[in-house]
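No experiment lies behind these values; they were computed from the predicted model shown. Throughout, a chain's letter reflects where its sequence line sits, starting with A, and its residues are numbered from 1.
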Protein chains: 2
Amino acid sequence: MKPQGKKKATIYDLSVLSGCSASTVSAVLNGTWRKRRIKESTAELIQGLAEQHQYTANLQARGLRNSRSGLVGLLLPVHDNRYFSSMAQTFEAQVRSHGKCPVVVSASRDPQEELATVETLISYSIDELFIAGATDPDSVHCLCEAAGIRHINIDLPGTKAPSVISDNYQGARLLTQAIIKRFDDAAAPLKPEELFLFGGRNDHASRERIKGFRDIKTELLGQDSDACIQPTGYSPGMTQKAFEAFYEREGKLPRGLFINSSINFEGLLRFMAQHPHETFADIVVGCYDYDPFGSFLPFPVIMIRQDSESMLAKAFELIEEARPAVKIHLIQPELVHPRTALKGPLDSIRDIDA
Amino acid sequence: MKPQGKKKATIYDLSVLSGCSASTVSAVLNGTWRKRRIKESTAELIQGLAEQHQYTANLQARGLRNSRSGLVGLLLPVHDNRYFSSMAQTFEAQVRSHGKCPVVVSASRDPQEELATVETLISYSIDELFIAGATDPDSVHCLCEAAGIRHINIDLPGTKAPSVISDNYQGARLLTQAIIKRFDDAAAPLKPEELFLFGGRNDHASRERIKGFRDIKTELLGQDSDACIQPTGYSPGMTQKAFEAFYEREGKLPRGLFINSSINFEGLLRFMAQHPHETFADIVVGCYDYDPFGSFLPFPVIMIRQDSESMLAKAFELIEEARPAVKIHLIQPELVHPRTALKGPLDSIRDIDA
DNA sequence: CTTTTTTGCACAATCGATGGTGCAAATAAT
DNA sequence: ATTATTTGCACCATCGATTGTGCAAAAAAG
């Protein structure tokens with residue numbers, strides 16, 4: 001009735017109150033009571049008591065007994081970024097709709113941290129794990145494998161578990177092409193040495209994007225050189241430094257910029273904050289990630305929206321298969337033209353107004 | 001040695017392997033072995049075996065026994081937003097540094113969902129709960145209270161548990177003042193009916209911000225009317241509609257805009273996508289939330305950065321107190337001038353380059 | 001060589017829920 | 001009325017780790 005006392009009711013409490021055994025109470029409350037041929041009236045009695053006393057099962061005990069917990073994990077590199085936070089949002093909704101409990105954790109793109117975090121999750125007997133953007137998916141796979149936990153890679157592929165990732169090559173081609181096309185009507189045509197790629201590191205996604213970038217660049221501008229690729233890692237600070245260094249050297253920024261991720265784009269923002277507007281009045285930026293605010297900056301920003309909804313949907317589908325093939329599933333990303341405000345997962349949340 | 005088999009080693013496995021009892025193994029592995037006067041050599045033996053067999057404790061079992069789990073929860077309204085995702089990032093780091101396991105979940109600003117989510121967390125015996133931006137913190141409090149779980153409100157205050165929130169009134173005054181000041185050198189001075197507030201609902205934060213807005217507006221512009229307050233809830237879609245309606249009516253946007261949150265700001269983006277640039281060439285926007293990309297839009301955007309680091313730090317401090325006073329702690333937010341790229345939690349992540 | 005003290009560890013109960021097994025009472029079949 | 005079924009539920013072991021208690025053997029004291 002009232003939320004009295006300090007401790008939660010257990011099946012033993014209800015057992016005493018109802019005069020039934022604990023196993024009967026358990027069966028009634030977890031829904032297996034018909035199978036166990038419990039009388040309907042006893043079931044009702046117990047359900048009534050459970051409600052009165054605000055019984056909720058101790059999920060640790062249940063998990064211990066079943067060696068399943070009802071928890072489904074999502075391992076992210078970082079939260080603080082629209083791509084991943086929107087993935088988290090979608091993930092939660094999906095997991096909830098399956099009647100499970102979502103757990104989102106980040107591991108800072110640190111292989112050690114990734115393994116430690118996953119070990120912790122395994123120790124809580126999570127049922128399934130979605131591994132997004134892991135630096136070392138295969139090691140994570142081994143942990144999951146050993147613990148018998150279904151898992152799948154997202155965003156960055158592994159070689160030992162099925163992976164669902166963006167078609168980074170295709171996305172990069174689209175993006176590069178769109179950047180170049182922006183200069184069609186320009187006074188001076190874009191020269192190959194005016195189109196640079198900044199950001200990324202030696203991961204699968206960056207490699208594919210670089211490949212797409214270079215292929216299209218060669219195709220359309222006839223030429224491309226190593227100097228135009230500036231990997232800076234996934235760090236705003238490092239990216240800013242790269243821009244500063246370039247500017248120091250050349251006295252200007254490249255007219256065309258392919259930026260590997262919104263995190264790197266933040267490095268450009270930092271650069272911008274240090275320099276007058278003229279420094280980049282006529283640049284065209286392509287960013288491999290979508291951020292609604294980024295899309296409205298004062299110069300043309302073409303973005304790639306990775307379709308994390310589809311990626312997750314595919315991943316959920318695969319993870320339910322008995323023995324999914326260890327292959328890479330490519331999801332097509334979407335080109336987003338400048339000044340575009342796309343809807344996101346928040347739009348499906350109903351909001352009650354004042 | 002090799003990550004063989006399917007099942008994880010338990011203390012019973014190690015008990016057999018070492019020839020010691022399970023309780024000895026347990027004591028050695030959880031560090032209480034000195035207190036239990038276990039010989040150093042036995043400890044070493046068992047630790048060696050544990051390492052060889054990759055033992056990790058089953059945290060559900062431990063949690064069941066201790067009725068503590070090592071989990072610390074953060075309840076968010078949504079992930080997909082820089083304010084909350086950056087809070088999640090900071091939270092994780094803090095919790096990890098305390099040797100616990102962070103669990104971040106969102107509840108979509110839905111009171112029902114909030115309660116259900118918290119019940120689930122409680123069923124997993126989380127040790128502490130940080131309640132951020134809950135619509136109904138007091139009901140959540142009751143659940144925690146009944147379960148004996150330490151908890152604290154962040155961002156939106158409750159009346160039954162200590163709360164750490166932004167000084168929304170002061171922040172709104174700062175922001176409103178900064179917006180008005182922007183028009184000091186304008187051709188035509190800003191008139192009271194040209195400064196509007198959009199967004200927010202009937203929650204504590206919105207009310208305080210509205211109060212601050214109106215107070216400063218009256219103070220500096222001599223006048224303020226109810227018509228200048230347009231609460232739209234925390235929804236991009238509703239906010240867009242409000243802008244469209246205004247534009248329909250007035251043929252233009254207000255010159256001065258106070259936008260209640262970055263989520264509402266996205267509503268403005270959607271409006272912008274539908275209208276030519278001239279429609280808002282000379283507006284000044286103040287947004288109560290900081291988003292790095294938002295800060296560089298083509299018109300002046302003044303932002304308020306809520307200091308979630310300090311809020312969390314204070315919250316951690318309070319939650320460790322035995323019986324913290326039920327009061328509201330105000331944290332000062334920071335005014336961010338246009339074209340500013342602040343550092344965030346990601347900057348403390350070390351990044352290994354290609 | 002006894003008695004006392006210390007050392008080192010094993011035993012068993014416990015946390016809460018689950019599910020296989022068994023058994024009495026109620027009901028049906030003969 | 002007797003045997004065969006079915007119904008309804010209780011009993012108990014189990015999941016893995018923790019911890020209070022007790023008791024031998026070893027060491028120290030007498």
Side-chain angles (χ1 to χ4, degrees), chain A residues 6-46 50 53-70 119-120 122-127 147-148, chain B residues 6-46 49-50 53-70 120 122-127 147-148:
Chain A
K6 286 270 93 183
K7 34 212 64 184
K8 310 201 351 146
T10 71
I11 52 170
Y12 298 98
D13 301 330
L14 297 181
S15 153
V16 172
L17 287 165
S18 66
C20 301
S21 76
S23 60
T24 299
V25 175
S26 169
V28 167
L29 295 174
N30 67 29
T32 60
W33 56 280
R34 290 183 187 285
K35 201 168 60 193
R36 284 182 151 268
R37 304 198 311 263
I38 307 286
K39 225 196 306 180
E40 182 125 19
S41 63
T42 10
E44 281 163 4
L45 166 66
I46 291 173
H53 293 270
Q54 309 206 102
Y55 171 85
T56 51
N58 180 320
L59 298 178
Q60 298 211 70
R62 173 179 293 169
L64 175 58
R65 180 60 224 246
N66 299 328
S67 57
R68 293 183 305 99
S69 63
E119 289 228 322
T120 306
I122 290 177
S123 301
Y124 284 109
S125 307
I126 55 162
D127 300 341
Chain B
K6 287 268 93 185
K7 32 214 63 180
K8 309 198 357 144
T10 71
I11 53 169
Y12 298 97
D13 300 330
L14 297 182
S15 153
V16 172
L17 287 166
S18 66
C20 301
S21 76
S23 62
T24 301
V25 175
S26 169
V28 168
L29 296 174
N30 68 26
T32 60
W33 56 280
R34 290 183 187 286
K35 200 168 61 193
R36 285 181 150 268
R37 304 199 312 261
I38 308 286
K39 223 195 306 180
E40 181 125 19
S41 62
T42 11
E44 281 164 3
L45 166 67
I46 291 173
L49 287 172
H53 294 269
Q54 309 206 101
Y55 171 85
T56 52
N58 180 320
L59 298 178
Q60 297 212 71
R62 173 179 293 169
L64 175 57
R65 181 60 226 248
N66 298 328
S67 57
R68 293 183 303 102
S69 63
T120 307
I122 291 178
S123 300
Y124 285 110
S125 307
I126 53 161
D127 299 342

Gap between atoms [atom1] and [atom2], on [X] and [N] respectively (whole Å):
| X | N | atom1 | atom2 | result |
| --- | --- | --- | --- | --- |
| B:L64 | D:dT14 | CG | P | 17 Å |
| B:I11 | D:dG16 | CD1 | C1' | 6 Å |
| B:R68 | D:dT19 | CZ | P | 9 Å |
| A:K39 | D:dT6 | NZ | C1' | 14 Å |
| A:I122 | D:dG16 | CD1 | C1' | 17 Å |
| A:K8 | C:dA17 | NZ | P | 8 Å |
| B:I38 | C:dC9 | CD1 | P | 6 Å |
| B:Q60 | D:dC15 | CD | P | 15 Å |

Point to revise | Residues that B:T32 engages under side-chain contact (heavy atoms from CB on, under 4.5 Å), provided they are two or more places apart | key: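 For B:T32, the residues satisfying side-chain contact (heavy atoms from CB on, under 4.5 Å) (neighbours in sequence not counted) are B:A27, B:N30, B:K35, B:R36.
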Contact under 4.0 Å: [X] side-chain N or O vs [N] OP1/OP2:
| X | N | value |
| --- | --- | --- |
| B:R62 | D:dT18 | yes |
| A:Y12 | C:dT14 | no |
| B:Y55 | D:dA17 | yes |
| B:S67 | C:dC15 | no |

Check your understanding: Of B:A61 and B:E40, whose closest DNA chain C nucleotide lies nearer the 5' terminus?
Key -> B:E40
All N/O pairs under 3.5 Å across the protein-nucleotides 19-25 of chain C interface:
from   : atom 1 : to    : atom 2 : distance (Å)
C:dG19 : N9     : A:R36 : NH2    : 3.1
C:dG19 : N7     : A:R36 : NH2    : 3.2
C:dG20 : N7     : A:R36 : NH2    : 2.6
C:dG20 : O6     : A:R36 : NH1    : 3.4
C:dG20 : O6     : A:R36 : NH2    : 3.1

For residues 11-20 of chain B, which side-chain donor-acceptor pairs fall under 3.5 Å, sequence neighbours excluded?
from  : atom 1 : to    : atom 2 : distance (Å)
B:D13 : OD2    : B:T10 : N      : 2.8
B:S15 : OG     : B:C20 : O      : 2.8
B:S18 : OG     : B:L14 : O      : 2.8
B:S18 : OG     : B:S15 : O      : 3.3
B:S18 : OG     : B:C20 : N      : 3.1

Check your understanding: What is the distance from atom CD of A:Q60 to atom OG of B:S123, rounded to the nearest 0.5 Å?
Key ->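 Reported value, rounded in 0.5 Å steps: 9.5 Å.
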Point to revise | Rounded distance (nearest 0.5 Å) linking atom CD1 of B:I122 with atom CG of A:L59 | key: 11.0 Å
Check your understanding: Would you find a donor on one side and an acceptor on the other, under 3.5 Å apart, between the side chain of B:S125 and the backbone of B:S69?
Key -> no
Practice item. Locate the shortest heavy-atom distance separating A:G70 from A:D127; write the atom from each residue and the value. Key: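 Nearest heavy atoms, A:G70 then A:D127: N-OD2, 2.8 Å.
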